[in-house]
Amino acid sequence: MTKKNYISAALCLAVSIAIMISTSMNFLAAREVPMPEWGPSVTEVKMLSDWFDGLAGTNGDTPVYVLKGEKEGGAALVLGGTHANEPSGYMSAITFIETAVVEAGTIYVIPYTNHSAMTHNDPGEGNIQYFTINTQSGPRTFRFGSRATNPIDQWPDPDVYVHYPSNQQLSGSETRNINRGYPGRADGNLTERMAYGVAELIRAENVGITFDLHEASPEYPVINATVAHQDAMNIASEGCIELLLGGIDMSLEQSPTNFHGLTHRELGDYTDTMAILMETANASQGRLRGASSVEQVLGGLDRFYVINEDLGMLYVPFDESGHPIEERCGRHLQGVYEYISAYNNANPDDAILYSGVPGYAELFLMADPATLGGPHLGSYLK
């Protein structure tokens, strides 16, 4: 009997060791975040620590792609991956990097604003860890990350998160949400230092307009929407009208003055940039969804949201076609174009001119919905 117990214990130990090795390898692999390819206008790739050295050597440091035109002009910043579980945000930024031809001015693109959040996942949500898109060079795999900074990089969470400098109080887990951490602080936690680095880039490079690209659940009221700081409302209004005239349903809201930590509030208050945030509809973000899958993330498909549309529970139309990644990226990229065009109208001496980036028509209206996740998005990626 004793011999059998030893054998059982040895088998259990061997299985445990195999599981630990497998999960350790998976954990280490997740620390490697796939980077965009250089597009035609990328002149250099810097790190956010080049503007704020307090990030150097940390997992919060992140690549900044610099796209510079031959002619002088203004500067813009595109933030993807603020929330690493909102793929159209960083896939739009990656598409911009790999396709944009900048004629005038400089456009800075950060595909993974919270780089740390790209290096882990939320297993409690049952999320996928990776998704693959067919591109010009073949299949490319991308990470599906987390909304918050990796706890390996910043822990523990306080019971109550107190925002600096407003003293607004939120749930303790929001201390790892970079979009509650602006304007950041140089001596803060890692998430606050990441936010501070973005603000320092904006100040140092005199960035005139900043975009923060997001996704939200279909039951969230601020969906298919643009939120702008009050100083950016004239530009946002003009751009929003152009989007509506182009057949893109887009609502416009002014950033609330009493909700702190967000890009469209704090970057507008603490820098001279025109701060604009955009939201698209993503079923994988919601609480009314079914099981997570690649079809849900890329195709925007979820039968439970179709049911909830019939029940009147949603703020965006939802049918069997879903909201594919082509639609979501198309909305973001068309929005960037229209708002920059409005910015140029108001600032002709600091115009930012570019071409080559696919918009809503190229990515969505001309796409074949039977082809999940590509080749329509992937055909623009290197």
Side-chain angles (χ1 to χ4, degrees), residues 34-46 63-81 88-113 133-138 140 142 201-202 205-213 235 238-239 242-243 246 248 273-274 276 278 325-367 374-382:
M35 288 295 128
E37 301 292 333
W38 282 45
S41 284
V42 175
T43 54
E44 60 180 326
V45 180
K46 304 180 75 171
V64 180
Y65 287 71
V66 183
L67 288 70
K68 190 172 181 60
E70 293 184 0
K71 298 179 181 178
E72 294 297 318
L77 171 63
V78 178
L79 301 175
S88 80
Y90 54 85
M91 291 308 301
S92 295
I94 291 170
T95 304
F96 197 100
I97 289 167
E98 297 188 8
T99 61
V101 177
V102 180
E103 290 100 24
T106 304
I107 302 176
Y108 300 87
V109 186
I110 306 180
Y112 306 126
T113 302
I133 293 178
N134 292 321
T135 71
Q136 299 175 48
S137 59
R140 283 173 61 183
F142 299 91
L201 184 162
I202 291 170
E205 304 300 336
N206 194 26
V207 173
I209 185 167
T210 296
F211 300 96
D212 189 12
L213 307 181
I235 286 170
E238 182 181 332
E242 292 299 323
L243 290 170
I248 301 175
T273 199
M274 303 283 186
I276 292 174
M278 285 184 281
I325 191 77
E326 284 81 11
E327 175 195 346
R328 286 139 48 202
C329 287
R331 292 178 62 88
H332 278 329
L333 294 171
Q334 193 69 43
V336 170
Y337 178 82
E338 299 297 353
Y339 294 128
I340 284 184
S341 295
Y343 176 86
N344 292 341
N345 291 338
N347 302 273
D349 294 334
D350 289 315
I352 304 160
L353 303 175
Y354 71 91
S355 60
V357 179
Y360 186 74
E362 293 87 350
L363 282 174
F364 179 56
L365 297 183
M366 299 178 186
H376 307 285
L377 176 62
S379 64
Y380 292 97
L381 300 175
K382 290 178 175 280

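Within the 4.5 Å cutoff, the side chain of Ser341 has no heavy atoms near those of the Glu242 side chain. Between Leu333 and Thr95 the shortest side-chain heavy-atom distance falls below 4.5 Å. No side-chain heavy atom of Glu338 sits under 4.5 Å from any side-chain heavy atom of Ile248. In this structure, the side chains of Tyr112 and Ile94 come closer than 4.5 Å at one or more pairs of heavy atoms. Using a 4.5 Å cut-off on side-chain heavy atoms (C-beta onward), His376 and Phe364 make no contact. Proximity of Phe142 to Leu381: side-chain heavy atoms (C-beta onward) are separated by under 4.5 Å at one or more points. Annotation: side chain of Tyr360 is not in contact with side chain of Leu243 (no heavy-atom distance under 4.5 Å).
In summary, Arg140 and Glu98 engage in a salt bridge, as defined by a charged side-chain N under 4.0 Å from a carboxylate O.
Side-chain atoms of Glu362 come within 3.5 Å of backbone N or O of Gly359 as a donor-acceptor pair. A donor-acceptor pair is defined here as one N or O able to donate and one able to accept, closer than 3.5 Å; such a pair exists between the side chain of Ser41 and the backbone of Val102. Proximity of a side-chain donor or acceptor of Thr113 to a complementary backbone N or O of Leu79 within less than 3.5 Å is not detected. In terms of modelled atom types and a separation under 3.5 Å, the side chain of Tyr65 and the main chain of Pro36 share a donor-acceptor contact. A donor-acceptor contact shorter than 3.5 Å links the side chain of Thr43 to the backbone of Val66. With hydrogens and angles disregarded, a donor-acceptor distance shorter than 3.5 Å links the side chain of Thr135 to the backbone of Lys382.
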(request) Show your working on side-chain contact (heavy atoms from CB on, under 4.5 Å) between Asn345 and Glu238 and close with a plain yes or no. (result) CA-CA 10 Å; Asn345 291 338; Glu238 182 181 332; 2.6 Å; yes
Taking it one step at a time, do Val357 and Tyr337 satisfy side-chain contact (heavy atoms from CB on, under 4.5 Å)? CA-CA 9 Å; Val357 179; Tyr337 178 82; over 6 Å; no
Discussion item. Please evaluate residues Leu77 and Thr273 with respect to the criterion side-chain contact (heavy atoms from CB on, under 4.5 Å), reporting the C-alpha separation (whole Å), side-chain torsions for both, the decisive distance (0.1 Å), and the verdict.
Written reply: CA-CA 9 Å; Leu77 171 63; Thr273 199; over 6 Å; no
Next on the checklist: I'd like to know whether Phe96 forms a ring-ring contact (aromatic ring centres under 6.0 Å, His included) with Tyr354, so could you lay out the CA-CA distance, the side-chain angles of the two residues, the decisive distance to 0.1 Å, and finally the verdict.
Outcome noted: CA-CA 10 Å; Phe96 197 100; Tyr354 71 91; 5.0 Å; yes
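Of the inter-residue distances, the one linking Asp350 atom CG with Tyr343 atom OH reads 5.5 Å to the nearest 0.5 angstrom. Interatomic distance, CG of Leu201 versus NZ of Lys46, reported as 8.5 Å (0.5 Å rounding). Separating the CD1 atom in Ile209 from the OH atom in Tyr339 is a distance of 9.5 Å, to the nearest 0.5 Å. Between Ser92 atom OG and Ile325 atom CD1 the span is 7.0 Å, to the nearest 0.5 Å. Put simply, CD on Glu327 and NE2 on His332 are 10.5 Å apart, with the number rounded to the nearest 0.5 Å. To the nearest 0.5 Å, atom CD1 of residue Ile340 and atom CG of residue Asn347 are 11.5 Å apart.
Residues Cys329 and Met91 come closest through the heavy atom pair SG-CB, 3.9 Å. For the pair Pro63 and Val45, the tightest heavy-atom approach, listed with the atom from each and the gap, is CB-CG1, 4.0 Å. Here the closest non-hydrogen pair linking Pro358 and Thr99 is CD-OG1, 3.7 Å. Minimum interatomic distance between Ile110 and Ala93 (heavy atoms only, all atoms of both residues): O-CB, 4.5 Å. Considering all non-hydrogen atoms of both residues, Ser355 and Glu103 come closest at OG-OE2, 2.8 Å. Nearest heavy atoms, Leu363 versus Glu326: O-CB, 2.9 Å.
Atom CD of Glu44 is surrounded by more than 12 heavy atoms from other residues, nucleotides or ligands within 6.0 Å. A 6.0 Å sphere centred on NZ of Lys71 holds no more than 12 heavy atoms belonging to other residues, nucleotides or ligands.
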